[in-house]
**Q** 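Sharing a structure with you now.
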There are 2 protein chains.
Amino acid sequence: MARPRKKEQLENLAEVIKEAAWRQIGESGASSLSLRGIARELGITAPAIYNYFPDRDALVTALISDAYASFGDRQIDAMNSIPGPGRELDRMRATGLAYRAWALDHPHRYMLIFGNPVPGYVPPMQELMPVMMRSISALTGVIGELYALGMIDPQGIPLPQVANSQGCCDTMAGGGSDKLTALSIALLIWSRVHGLVSLEITGKLPAFANDGAALYEFELDAIARQFIRVPQAAPDPAP
Amino acid sequence: MARPRKKEQLENLAEVIKEAAWRQIGESGASSLSLRGIARELGITAPAIYNYFPDRDALVTALISDAYASFGDRQIDAMNSIPGPGRELDRMRATGLAYRAWALDHPHRYMLIFGNPVPGYVPPMQELMPVMMRSISALTGVIGELYALGMIDPQGIPLPQVANSQGCCDTMAGGGSDKLTALSIALLIWSRVHGLVSLEITGKLPAFANDGAALYEFELDAIARQFIRVPQAAPDPAP
DNA sequence: ATTGTATATTTACACTGTAAATTAAAAACA
DNA sequence: TGTTTTTAATTTACAGTGTAAATATACAAT
C-alpha cells in the first residue's frame with residue numbers, strides 16, 4: 001500500500017528540492033525561482049515536483065517556514081546565550097544583534113519572510129503562524145521579563161485593539177493589558193530593527209556600506225534608552 | 001525626417017502606457033505587471049511598446065521615477081504648508097505625517113520605490129538619483145534647519161564614510177561633518193518611518209489595523225524626543 | 001511621385017507554471 | 001511465484017510571459 005523507496009537515492013526528494021531552491025535563490029534571487037530550473041538542476045522533470053508540493057506557492061511556503069525556523073533558532077540561541085536573572089538588558093541586546101547577524105548571513109531568507117519578493121505570492125498566515133510566533137518569542141519573552149521587573153514605562157504606548165488581533169495575539173495577548181503593552185513594544189522595536197536591516201540588506205544605505213554595524217548598534221542603544229528605565233534601587237542603609 | 005502625428009490619437013502613447021501600467025499595478029499588484037497585458041488593454045500589440053521603452057525594466061524605471069516625483073511633491077508640499085521660522089518642529093512633523101499619508105494613498109507606488117516587488121528588476125540608481133534626492137530633500141532640509149538652530153545634539157551619531165558615499169551624498173555631503181550628521185539623522189529617521197509604514201502597508205500589523213495612525217504618531221513623537229533638544233531659552237529678567 | 005523614416009504588426013523563440021494522460025516501478029496480496 | 005494495487009515519474013499539451021527579427025504601413029520630406 002506504499003512505495004517508500006525508489007531504486008535510486010533521493011528518497012527525501014522534498015528536502016532535496018528545497019535545498020536546490022535555496023541554492024537557486026542564493027544565486028539569482030528569490031524572485032527568479034523556477035520549478036523548471038530546480039527540476040533541471042536535479043535531473044528530473046518539472047511536473048515531478050508536483051508530487052511533493054501541490055504548486056509553486058506551496059514550495060515557497062515551505063521555504064518560508066524553514067526560514068522562520070532558522071531565524072527563530074538564532075533568536076532563541078542568542079537569548080539563551082545570556083542566561084540568568086539580572087542580565088535582561090544584555091539578553092535583549094543579544095537578540096537584537098542576532099537579528100541583524102542572521103539577516104546578513106541569509107539576506108534572501110530575510111527578504112523572503114519579511115519582504116515580499118515573490119511575484120504573485122501571498123503567504124498563508126494561518127499555516128505560518130506557529131513558526132512566526134516561535135521566531136518572535138525571544139523578543140517578546142525578553143520584553144516580558146523586563147516588564148515584569150518594572151523596567152518598562154508603559155505610559156503613552158498605544159495598545160492594539162484586542163478585537164482585531166485575530167488568532168495572532170491569542171497566544172500572547174491572553175493576559176491583561178500588560179501583555180498587550182509588551183506586544184506593542186515588541187512591535188515597535190521590530191519595526192525599527194526591520195527598517196534599518198531591510199534598508200541595509202537591499203543596499204539602500206550605500207554611505208554606510210562598511211559601517212552598518214555602528215548604525216545598528218546606535219539604534220539598539222536608542223531603543224533601550226527609549227523603552228527601558230532602570231528602577232531606582234532603594235538606597236540601602238549605610239553600613 | 002520625423003512623423004509626429006498619427007491618424008489616431010494616442011500621440012502621447014508613452015504616457016498612456018504608463019497610465020495603463022499604473023492601473024494594472026493598482027489592480028493586481030506591481031509584480032504581475034505585463035507588457036502584453038498593457039498592450040491588450042490599449043488595443044495594440046506588445047512589441048509596439050518597445051518603441052517607447054527599450055524593455056520592461058525601462059518601463060518600470062519610468063514608473064519608479066514618476067512615483068518618486070509624486071512622493072517628492074507631497075513631501076515638499078507638506079514642508080511648505082508650515083512656513084516661516086520658529087515652526088521647524090511642526091514642519092518636521094508635517095513631513096513625517098505626509099510620508100505615511102502618501103504611502104497609504106499609494107501603497108503600490110510606495111512598494112515600488114521602497115520595496116522590491118518586481119521580479120528580476122534592479123533599479124538604475126544613477127538614473128533615479130535626481131528624483132530620489134529631490135524626494136528626500138524635504139526631510140534633509142528640515143533636519144538641516146534644526147541643526148543650524150542648534151536643536152540637534154550630534155554626539156554619538158555614527159557618521160557615514162565619505163569615501164563610500166559615491167555620488168549619492170555629493171550633493172548634500174559637500175559640506176563638513178554638519179551635513180554628514182544631518183544626513184545620518186535623516187537616514188535614521190527614514191529607517192524608522194519606513195520600517196513602520198512598510199509593515200503597515202504589507203498588512204503585517206494586523207493587531208493595529210485600525211490604529212496605525214496612533215502607532216505612527218507615537219513613533220514620530222519618539223523620533224522628535226530622541227533627536228531634538230529645545231535650546232535653553234535664556235531666562236528673561238523678571239519684569 | 002518617390003524616397004526615407006518612424007511606427008506598428010506579424011511571426012517566432014525560449015521561457016514559465018501547471019493540467020491531463022500515460023508509463024514504469026515497487027509493494028502488497030493471492 | 002504471479003497478479004493486482006499504489007505511487008512516482010515521464011510525456012504531452014496549453015496558456016501565459018518577455019523579446020528579437022522581419023515585415024508591412026503611414027506619414028513627412030524631397
Side-chain angles (χ1 to χ4, degrees), chain A residues 1-18 20-21 23-25 27-64 112 117-124, chain B residues 1-18 20-21 23-25 27-64 112 117-124:
Chain A
M1 187 183 172
R3 186 198 173 194
R5 323 203 82 244
K6 212 191 122 196
K7 67 175 176 194
E8 304 282 331
Q9 273 85 317
L10 296 184
E11 201 33 54
N12 46 354
L13 234 187
E15 283 303 318
V16 177
I17 288 172
K18 285 195 290 183
R23 190 163 345 107
Q24 198 164 309
I25 285 177
E27 287 168 4
S28 1
S31 54
S32 68
L33 196 154
S34 147
L35 291 192
R36 292 183 120 109
I38 295 172
R40 207 176 303 130
E41 179 175 330
L42 296 181
I44 61 178
T45 59
I49 301 181
Y50 283 72
N51 287 314
Y52 300 92
F53 302 96
D55 54 5
R56 202 195 58 148
D57 286 7
L59 172 58
V60 173
T61 299
L63 295 177
I64 290 181
L112 201 57
V118 178
Y121 176 81
V122 285
Chain B
M1 188 182 172
R3 187 195 172 197
R5 322 202 84 244
K6 213 189 122 195
K7 69 177 174 195
E8 305 282 330
Q9 271 88 315
L10 295 186
E11 199 35 54
N12 45 355
L13 235 187
E15 283 303 317
V16 177
I17 289 172
K18 285 196 289 185
R23 190 161 347 106
Q24 197 164 310
I25 285 177
E27 286 168 5
S28 3
S31 53
S32 69
L33 195 154
S34 146
L35 291 192
R36 291 182 121 110
I38 296 171
R40 207 177 302 129
E41 181 175 330
L42 297 182
I44 60 178
T45 59
I49 301 181
Y50 283 73
N51 287 313
Y52 300 91
F53 302 97
D55 54 7
R56 202 195 58 151
D57 286 7
L59 171 59
V60 174
T61 299
L63 296 177
I64 290 181
L112 200 58
V118 178
Y121 176 80
V122 286

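Since this is a predicted model, take the numbers as computed values, not measurements. Convention: sequence-line order gives letters A, B, ...; per-chain numbering from 1.
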**Q** Can you tell me the distance, in whole Å, between the CD1 atom of B:Ile44 and the C1' atom of D:dT25?
**A**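 Those two atoms, CD1 and C1', are 16 Å apart.
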**Q** Rounded to whole Å, how long is the line connecting atom CD1 of B:Ile49 with atom C1' of D:dA20?
**A**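 Rounded to the whole Å, the gap is 15 Å.
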**Q** Sequence neighbours left out, what passes side-chain hydrogen bond (donor to acceptor under 3.5 Å, both in side chains) with B:Ser34? Give chain and number order.
**A**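 So B:Ser34 forms no side-chain hydrogen bond (donor to acceptor under 3.5 Å, both in side chains) with any residue.
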**Q** Shorter than 3.5 Å, N or O on both sides, protein versus nucleotides 15-17 of chain D: list them out with atom names.
**A**
from	atom 1	to	atom 2	distance (Å)
D:dT17	OP1	B:Ser34	OG	3.2
D:dT17	OP1	B:Arg40	NH2	3.2
D:dT17	OP2	B:Arg40	NH2	2.9

**Q** Would you mind reading off the distance between B:Asn51 atom CG and C:dT5 atom P, rounded to a whole angstrom?
**A**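 Between P of C:dT5 and CG of B:Asn51: 16 Å.
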**Q** Please check the phosphate of D:dA9 (OP1 and OP2 only) for any side-chain N or O of A:Thr45 closer than 4.0 Å.
**A**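 For A:Thr45, the contact criterion (side-chain N or O under 4.0 Å from OP1 or OP2 of D:dA9) is not met.
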**Q** What is the distance from CG of B:Leu13 to C1' of C:dA6, rounded to the nearest Å?
**A**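 Nearest whole value for this atom pair: 13 Å.
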**Q** Just the rounded figure in Å: distance from C1' of C:dA20 to CG of A:Asp55.
**A** 17 Å
**Q** What residues, two or more places apart in sequence or in another chain, satisfy side chain to side chain contact (heavy atoms under 4.5 Å, CB included) together with B:Pro124?
**A**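 B:Pro124 satisfies side chain to side chain contact (heavy atoms under 4.5 Å, CB included) with B:Thr61, B:Tyr121, B:Glu127, B:Leu128 once adjacent residues are dropped.
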**Q** With nearest nucleotides of DNA chain C determined for B:Gly43 and A:Pro54 from heavy-atom distances, which residue corresponds to the more 5′ nucleotide?
**A**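 Its nearest nucleotide lies further toward 5', so the answer is B:Gly43.
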**Q** Just by modelled atom types, is the A:Glu15 backbone N or O under 3.5 Å from a matching donor or acceptor in the A:Asn12 side chain?
**A**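 Between the backbone of A:Glu15 and the side chain of A:Asn12 there is no qualifying donor-acceptor contact (under 3.5 Å).
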**Q** C:dT18 C1' sits how many Å from A:Tyr50 OH, rounded?
**A**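 Value for this atom pair: 4 Å.
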**Q** Rounding to an integer number of Å, can you tell me how far A:Leu42 CG sits from D:dT10 C1'?
**A**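 Taking CG of A:Leu42 and C1' of D:dT10, I get 16 Å after rounding.
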